[in-house]
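Each remark here refers to the structure printed beneath this line.
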Amino acid sequence: MNTTLNATHDPKLRSWVASANQAGCDFPIQNLPFGRFSHGADAAPRIGVAIGDRILDLRRAGLIDTDDMNALMAATPEKRSALRALISQGLAEGSARQPEWEQALVSQSAATMHVPCRIGDYTDFYTSVHHATTVGKQFRPDNPLLPNYKWVPIGYHGRASSIGVSGQRFKRPQGQTKAADAAVPSFGPSKRLDYELELGWFVAQGNAQGEPVGMGAAEAHLFGVTLFNDWSARDIQGWEYQPLGPFLSKNFASTLSPWLVTTEALAPFRAAFERPADDPQPLAYLDSEANRSQGAFSIELEVLLQTAKMREAGEAPVRLSKTNSTRAAYWTPAQLIAHHTVNGCNLQPGDLLGSGTLSGPEAIEAGSLMELTGGGKQPMRLPNGEQRSFLEDGDTLVMRGWCERPGAVRIGLGEVSGTVLAAG
């Protein structure tokens, strides 16, 4: 578990890239998240690091000799940490690398961002007990939280091919639905389209099939985190999800933020992993002293909505909800790795583990419209007079995340946005 602070975390550190030193910047020199970008009409994607409002092209800067992010992610934790140190040193004020590296900078506004890496497999977990309870009440009023929830990290295997990067535009999904008073199902566009506020944890080094990863080594297999919106068609889900779980209601689109914030960058924002005293405590294979003391990460998360009408009027998105990952997540990233591999499953570099919808205990901390509107029965009134029970065509959903605490420099996860288009 990489919890040690080093020179790259120094809050006094400043960069010769002036925009990285501005207050409130998502990408100060203490962050250095990785992503894939292209620049120019025919340019192939390259690996870069965000610094202020720029991108450092790592290959052009002479730091790597590959454009394969998955190969970089597969490096040992020691090699990844050493690369971060070199990048930090070269971008720091007074660095002799400045004249050379200025030629390796690209403006973020002029770059096209891509999905951060090649995602081989995607597993979506269900780590928020508050979300599980609230949604469970709507699907199973008599038994909202199933008895296994507090013992085992619940997850299912999702679809990797439809995961896109921030700015994704997708058509409203179609499928079967069945009204409560209908004798037979009908086919058509989803009328209860929703978002899910999640974090996406990416696998670094993999493990051999048949060799579980224990809690002591789990975080060595984590590369970093992105914001993740796992769009959901609730009406399709309600008809199809029993007995095997979500299918067409989830696999039509999911959207990632473009930057992978490393677990090393998050070291100053670790937190204790605490369960209520009367809840079951994790079984031995999901438990460790290090995980209990600092296995969680404190990440602020917010959701904003901009309707087509707001966009036409030049109005900014409005906040729908805000929470913190420590208030929302019932399991830590290390526990997700340990559980996923305990049966011998082999993870690979670039695999994605979705946290599941992150909802805090208060109503305003809900991570989906299904929760915010009571399943659509209590529509939200927006400042411009519009109402929303679920998402409508033309709606743009924005999620933002950041870490902050006294004595540390604010670290941003950037944002992830996506827009709903009409079915067709």
#### Entry: Stepwise ring pair (Phe, Tyr, Trp, His ring centres under 6.0 Å) test for His131 and Tyr126
CA-CA 8 Å; His131 173 72; Tyr126 201 39; 5.7 Å; yes
Hits for salt bridge (charged side-chain N to carboxylate O under 4.0 Å, His left out) against Glu415, two or more places apart or cross-chain, chain-then-number order -> Arg400
Sorted by chain and number, sequence neighbours left out, salt bridge (charged side-chain N to carboxylate O under 4.0 Å, His left out) with Arg169 holds for none
Which residues pass the side-chain hydrogen bond (donor to acceptor under 3.5 Å, both in side chains) test with Asp279, sequence neighbours left out?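 Asp279 satisfies side-chain hydrogen bond (donor to acceptor under 3.5 Å, both in side chains) with Lys150, Tyr330 once adjacent residues are dropped.
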Salt bridge check: are [X] and [Y] linked by an N-O gap of less than 4.0 Å?
| X | Y | answer |
| --- | --- | --- |
| Glu289 | Arg292 | yes |
| Arg388 | Glu386 | yes |
| Glu362 | Lys322 | no |
| Glu392 | Arg172 | no |

Sorted by chain and residue number, the ring pair (Phe, Tyr, Trp, His ring centres under 6.0 Å) partners of Tyr122 (sequence neighbours excluded) come out as Phe228
Sorted by chain and residue number, the ring pair (Phe, Tyr, Trp, His ring centres under 6.0 Å) partners of Phe34 (sequence neighbours excluded) come out as Phe223
Parallel, tilted or perpendicular for Phe170 and Phe252, by the 30°/60° rule?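 Ring orientation, 0 to 90° scale: tilted.
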Quick note, side chain to side chain donor-acceptor pair (under 3.5 Å) partners involving residues 197-212, not counting sequence neighbours, are none
task: Measure from the ring center of His157 to the ring center of His340 and say whether it is less than 6.0 Å.
output: yes
